[in-house]
Participant: 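Supplied in C-alpha cells, the structure appears directly below.
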Amino acid sequence: MRSAKDFFRPLAVGAPMPPTEIPARPSRAIHFFDPSNEKMAAKIPQMVGTVDALLGNLEDAVKADNKVSAREGLIRIARDTPGLGGDSGPTQLWTRINALDSPWVLDDLTTLVPEIGERLDVIMVPKVQGAEDIHYVDRILAQLEAKAGLTRPILVHAILETARGVVNVEEICGASPRMQGLSLGPADLAADRRMKTTRVGGGHPGYLVREDPPTGEDGVADIGAARTSYQQDLWHYTIARMVDACAMHGIFPYYGPFGDIADTVACEDQFRNAFLLGCVGAWSLHPKQIEIANRVFSPSVEDIRHARRVVAAMGDGTGAVMLDGKMEDDASLKQCLVLVALAEQLAAADPVLKATYDAIEAD
Ligand code: GLV
Ligand code: MG
C-alpha cells in the first residue's frame, strides 16, 4: 500500500511536483495526425488556434516502417510550430505513444521527453490494462523529466480498450496524480472483448430492441406484424463506467474515434450521447470532425439561457421554485452550474463562443 502523502512526492529526485489538480483545459476535439505523413504535417501550423488539442499519433494507423519518422516528425513539429503545446499556447500538444509491450515505446518516451517535454501536455497510453501500466509510465516519466530538467509534469491519458482495462477502470484513474483522463477505444475494445462488430466506433444496426407484437383477432401475438425497432448504443455501458471512474478521481472522460468519416450525422449523435453522459471531448480523425466536436461539446445557447435563469431564480441556492411549470431545486441548480462553469471555461479560450454566450445576456 502507498500512503496518500506519497502520491504528491516526485517519483524521481529532481522531477517536478506531481499535480494536485488536473486543469480543465478545453479539449473538445483531440485531432489526430500522423507526423510521418508530410502532407498532413504541413497542415499543422494552420490548425493551431482552430482546435483545442493536436495529437501526434505514433501508434496504430502508423505503419511499422514509419514509426521512427513519425517520432522525428513530431519532434520537428513541436519545435517549429508557435502556439502549439506548453501552458501558453491556444492549442495543446498531445501524443499517443506505442503500446507498452511494443518494440517502439521505450524509444518514444526516452526521445520525446528530453527533446520536446516542455511542449508536450499529455501523453496518451494505449491498451492500458491496469494500474501497473500507469505506475510504469509514471516512474519513467519522472526519471526522464528529472534528467531533462523539466519543471512541469507531463500528464497521462489512458485509452480504455481492453476488457481488463474496463474491469480495472477505477484503479487506472487513481493510479497517479498525473492521470488527466480516459478515452474510449471502441475498435480495440471490441476485438479484445470478442464483440462481433467490424467498425471503428459508432452503432450497429443489429443491436436493437423491438416493440412488442400486436395481438391478432385470435388472441395470439402476431410476430410477423410491422413493428418499430430502435437501434441501441453499443458503447453506453463502457462510457457510463468511464464517466463515473473519471468523476470519482477528478479527471476527464472522452469518447474516442468515430471511423465513418462520411457519416457526419451519426458522428454528431455519438459525440452528443457522450457529452450528455459527462464526456468533455472526442477524437477527431478528419478536420470535419473538429467542427462537430467543438459544437457538440460546448453547451448550447438554449442550455446556457435556461441555466442562467435557474441560477438567478434560485437566489441563495436552497429551496424550490417553479419556472415554466417545472420544479427547480438545489439539485437542478447544481446541474445548471455544471453547464455555466463549462461555458465559462470554454469561453475563456474561445472568443467566438464567448461572444455567443455574452449575447445571451442581451436577449
Ligand atoms: C482506438 O484506439 C480504438 O482502438 O478504438
Ligand atoms: Mg486502439
Side-chain angles (χ1 to χ4, degrees), residues 15-16 23 25-98 102 104-126 137 140-141 143-157 178 180 183 257 281 283-291 293-294 348-352:
R25 295 185 70 183
S27 42
R28 294 163 291 185
I30 303 163
H31 182 71
F32 274 53
F33 67 94
D34 174 353
S36 72
N37 177 329
E38 280 177 21
K39 241 174 89 192
M40 240 185 231
K43 294 195 181 128
I44 295 304
Q46 294 116 267
M47 297 184 82
V48 171
T50 67
V51 57
D52 294 338
L54 283 162
L55 179 146
N57 179 32
L58 307 182
E59 199 224 9
D60 292 357
V62 175
K63 283 180 80 62
D65 288 350
N66 292 345
K67 293 290 184 185
V68 174
S69 59
R71 193 188 296 140
E72 285 168 356
L74 178 58
I75 292 170
R76 259 194 318 277
I77 290 166
R79 286 203 180 127
D80 298 349
T81 313
L84 179 59
D87 284 333
S88 50
T91 295
Q92 296 179 59
L93 178 63
W94 293 33
T95 186
R96 178 169 76 167
I97 56 172
N98 285 288
S102 75
W104 306 291
V105 65
L106 191 59
D107 288 342
D108 290 344
L109 289 167
T110 57
T111 310
L112 294 179
V113 177
E115 297 283 350
I116 55 165
E118 75 287 351
R119 304 232 68 81
L120 264 185
D121 296 297
V122 178
I123 291 183
M124 188 182 268
V125 185
V137 173
I140 196 165
L141 281 180
Q143 293 168 342
L144 293 167
E145 287 166 345
K147 200 166 164 211
L150 299 185
T151 51
R152 185 188 65 128
I154 299 170
L155 302 181
V156 170
H157 180 108
R178 291 179 195 273
Q180 179 275 345
S183 284
W283 300 4
S284 145
L285 306 181
H286 185 280
K288 63 186 172 190
Q289 293 184 337
I290 296 175
E291 183 277 324
N294 282 353
D350 181 337
V352 177

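These figures come from a predicted structure and were not determined experimentally.
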Participant: Grab the two heavy atoms, one from Val62 and one from Ala70, that are nearest each other, plus how far apart they are.
Facilitator: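 Nearest heavy atoms, Val62 then Ala70: CG1-CB, 3.9 Å.
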Participant: Donor-acceptor pair, distance only, cut-off 3.5 Å: does the side chain of Lys67 make one with the backbone of Glu59?
Facilitator: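 Yes; judged by distance alone, with no hydrogens or angles, the pair exists.
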Participant: In the structure I gave you, are the side-chain heavy atoms of Met47 and Ile290 within less than 4.5 Å of one another anywhere?
Facilitator: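 Yes, close enough: below the 4.5 Å cut-off.
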Participant: With side chains defined as the heavy atoms from C-beta onward, is the minimum distance between Ile30 and Asp52 less than 4.5 Å?
Facilitator: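 Not touching, per the 4.5 Å side-chain cut-off.
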Participant: Is it true that atom CD of Glu38 has more than 12 heavy atoms of other residues, nucleotides or ligands lying nearer than 6.0 Å?
Facilitator: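 No, the 6.0 Å shell around CD holds no more than 12 heavy atoms from other groups.
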Participant: So which heavy atom on Asn294 is nearest to which on Thr50, and how close?
Facilitator: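 Taking Asn294 first and Thr50 second, the nearest heavy atoms are ND2-O, 3.7 Å.
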Participant: Are the side chains of Leu55 and Trp283 in contact, using a 4.5 Å heavy-atom criterion?
Facilitator: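 Result no, sub-4.5 Å side-chain heavy-atom pair not found.
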Participant: Just so I know, are the side chains of Asp34 and Asn57 near enough to count as touching, which here means a heavy-atom distance under 4.5 Å?
Facilitator: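 Asp34 vs Asn57: side chains apart.
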Participant: Identify the heavy atoms of Gly56 and Pro35 that sit nearest to each other, and give their distance.
Facilitator: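 Smallest interatomic distance, heavy atoms only, reads CA-CG, 3.9 Å.
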Participant: Of the options Gln180, His157, Arg152, which is the one that meets Asp121 in a side chain to side chain donor-acceptor pair (under 3.5 Å)?
Facilitator: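 Going through the options one by one, the only one that passes is Arg152.
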Participant: For Arg71 and Asp108: C-alpha separation, side-chain torsions, deciding distance, then whether salt bridge (charged side-chain N to carboxylate O under 4.0 Å, His left out) applies.
Facilitator: CA-CA 7 Å; Arg71 193 188 296 140; Asp108 290 344; 2.8 Å; yes
Participant: State, to 0.1 Å, how close Ser284 and Ala29 come at their nearest heavy-atom pair, and which atoms those are.
Facilitator: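 That would be CB-CB, 4.4 Å.
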Participant: Measuring from Ile140:CD1 to Thr110:OG1, what's the distance to the nearest 0.5 Å?
Facilitator: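 Going from the CD1 atom of Ile140 to the OG1 atom of Thr110 covers 7.0 Å.
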Participant: When you compare the side chain of Pro16 with that of Thr151, does any pair of heavy atoms fall below 4.5 Å?
Facilitator: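 SC-SC contact between Thr151 and Pro16 ruled out.
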Participant: Between atom CD of Glu118 and atom CD1 of Ile154, what is the distance when rounded to the nearest 0.5 Å?
Facilitator: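 Nearest 0.5 Å value for the CD-CD1 distance: 9.0 Å.
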Participant: Can you tell me if Gln289 uses its side chain to pair, donor with acceptor, with the backbone of Leu285 under 3.5 Å?
Facilitator: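 Such a contact is found between Gln289 side chain and Leu285 backbone.
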Participant: Among Leu84, Ile77, Thr81, which residue meets the side chain to side chain contact (heavy atoms under 4.5 Å, CB included) test with Leu54?
Facilitator: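 Single side chain to side chain contact (heavy atoms under 4.5 Å, CB included) partner of Leu54 among Leu84, Ile77, Thr81: Leu84.
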Participant: Ignoring hydrogens, what is the shortest heavy-atom contact between Gln92 and Ser27? Give both atom names and the distance.
Facilitator: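 Nearest pair, atom of Gln92 first, then Ser27: NE2-CB, 4.0 Å.
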Participant: Would Asp350 and Arg28 pass as an ion pair if we require N to O under 4.0 Å?
Facilitator: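 Salt bridge between Asp350 and Arg28, a charged N being under 4.0 Å from a carboxylate O: yes.
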Participant: Could you report the tightest heavy-atom contact between Ala78 and Arg119, atom names first, then the distance?
Facilitator: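 Closest heavy-atom pair between Ala78 and Arg119: O-CD, 3.1 Å.
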Participant: Just verifying a value: how many Å separate Asp107 CG and Ile97 CD1, rounded to the nearest 0.5 Å?
Facilitator: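 So the CG of Asp107 and the CD1 of Ile97 are separated by 12.0 Å.
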Participant: When rounded to the nearest 0.5 angstrom, what is the spacing between CG in Asn98 and CG in Leu58?
Facilitator: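 Result: 6.0 Å between the selected atoms.
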Participant: Find the distance between CE (Met124) and CH2 (Trp94) and round it off to the nearest 0.5 Å.
Facilitator: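 The distance works out to 5.5 Å.
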Participant: I want to check something: taking the side chain as every heavy atom from C-beta on, are Leu93 and Leu74 in contact at a cut-off of under 4.5 Å?
Facilitator: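 Yes; the side chains approach each other to less than 4.5 Å.
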Participant: Rounded to the nearest 0.5 Å, what's the gap from CD1 on Ile123 to CZ on Arg96? Could you check?
Facilitator: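 Ile123 atom CD1 to Arg96 atom CZ measures 14.0 Å (nearest 0.5 Å).
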